[in-house]
Amino acid sequence: MITITSDTYNQMADQLAEQLVDTDYYSGQIHYSAPEYDATLTSTLIVYRSSHTAPDRTWNTIADVVPVWWSCSTTTDEGEKLNDFDFNRVRKLLINR
């Protein structure tokens, strides 16, 4: 079984955040290549936002990301391998960025 590293979670959250900039609904894939494996996260997500106001500007942050469906596959030179991916770890990295 492949253990998903903190670096992989961070990189996947960064890629996913780029895809979620101006949308409340997302359906797609992101890919990450670690030295030991390649990972693909396929997901359909609903994105909830919070609005913030300061004297000089207003902006939105991600308040929550609710997966309708997700799957994370990992492959090595030997083929597809099971992994311990936890969507909640990516979710926590996305909230209030």
With rounding to the nearest 0.5 Å, note down the distance linking [atom1] in [X] to [atom2] in [Y].
X: Ser71; Y: Leu41; atom1: OG; atom2: CG; result: 8.0 Å
X: Thr5; Y: Asn10; atom1: OG1; atom2: CG; result: 8.5 Å
X: Ile30; Y: Glu18; atom1: CD1; atom2: CD; result: 9.5 Å

Do [X] and [Y] come close enough that some side-chain heavy atom pair is under 4.5 Å?
X: Tyr37; Y: Lys81; result: no
X: Arg49; Y: Ile62; result: yes
X: Trp69; Y: Ser43; result: no
X: Thr74; Y: Ile4; result: yes
X: Ser51; Y: Thr58; result: yes

Which heavy-atom pair separates [X] from [Y] by the least distance, and what is that distance?
X: Cys72; Y: Asn83; value: O-ND2, 3.0 Å
X: Ala63; Y: Ile95; value: O-CG2, 3.5 Å
X: His31; Y: Gln15; value: O-NE2, 2.8 Å

Are Trp70 and Leu94 co-members of a hydrophobic cluster defined by side-chain heavy atoms under 4.5 Å apart? yes
Single-linkage hydrophobic cluster Val68~Leu16, side-chain heavy atoms < 4.5 angstrom: no
Passes salt bridge (charged side-chain N to carboxylate O under 4.0 Å, His left out), Arg91 versus Asp64? Steps please. CA-CA 7 Å; Arg91 181 182 156 269; Asp64 202 359; 2.7 Å; yes
Counting only heavy atoms not in Asp84 (residues, nucleotides, ligands), do more than 12 fall under 6.0 Å from its CG? yes
Does a sphere of radius 6.0 Å around CG in Asp22 hold more than 12 heavy atoms from other residues, nucleotides or ligands, not counting ones at 6.0 Å or beyond? no
Does any donor atom in the side chain of [X] or [Y] lie under 3.5 Å from an acceptor atom in the other side chain?
X: Gln29; Y: Thr40; answer: no
X: Tyr32; Y: Asp14; answer: no
X: His52; Y: Thr61; answer: yes

Checking ring pair (Phe, Tyr, Trp, His ring centres under 6.0 Å) for the pair Tyr9/Phe85: CA distance, chi angles, key distance, verdict? CA-CA 9 Å; Tyr9 283 112; Phe85 182 84; 5.5 Å; yes
Applying side-chain contact (heavy atoms from CB on, under 4.5 Å), run through Phe87 and Leu45 and close with a yes or a no. CA-CA 11 Å; Phe87 185 83; Leu45 311 170; 3.6 Å; yes
Evaluate Ile46 against Asp24 for side-chain contact (heavy atoms from CB on, under 4.5 Å), listing each step before the verdict. CA-CA 6 Å; Ile46 297 172; Asp24 295 331; 5.9 Å; no
Could you walk me through whether Tyr48 and Val65 pass side-chain contact (heavy atoms from CB on, under 4.5 Å), step by step? CA-CA 6 Å; Tyr48 293 92; Val65 178; over 6 Å; no
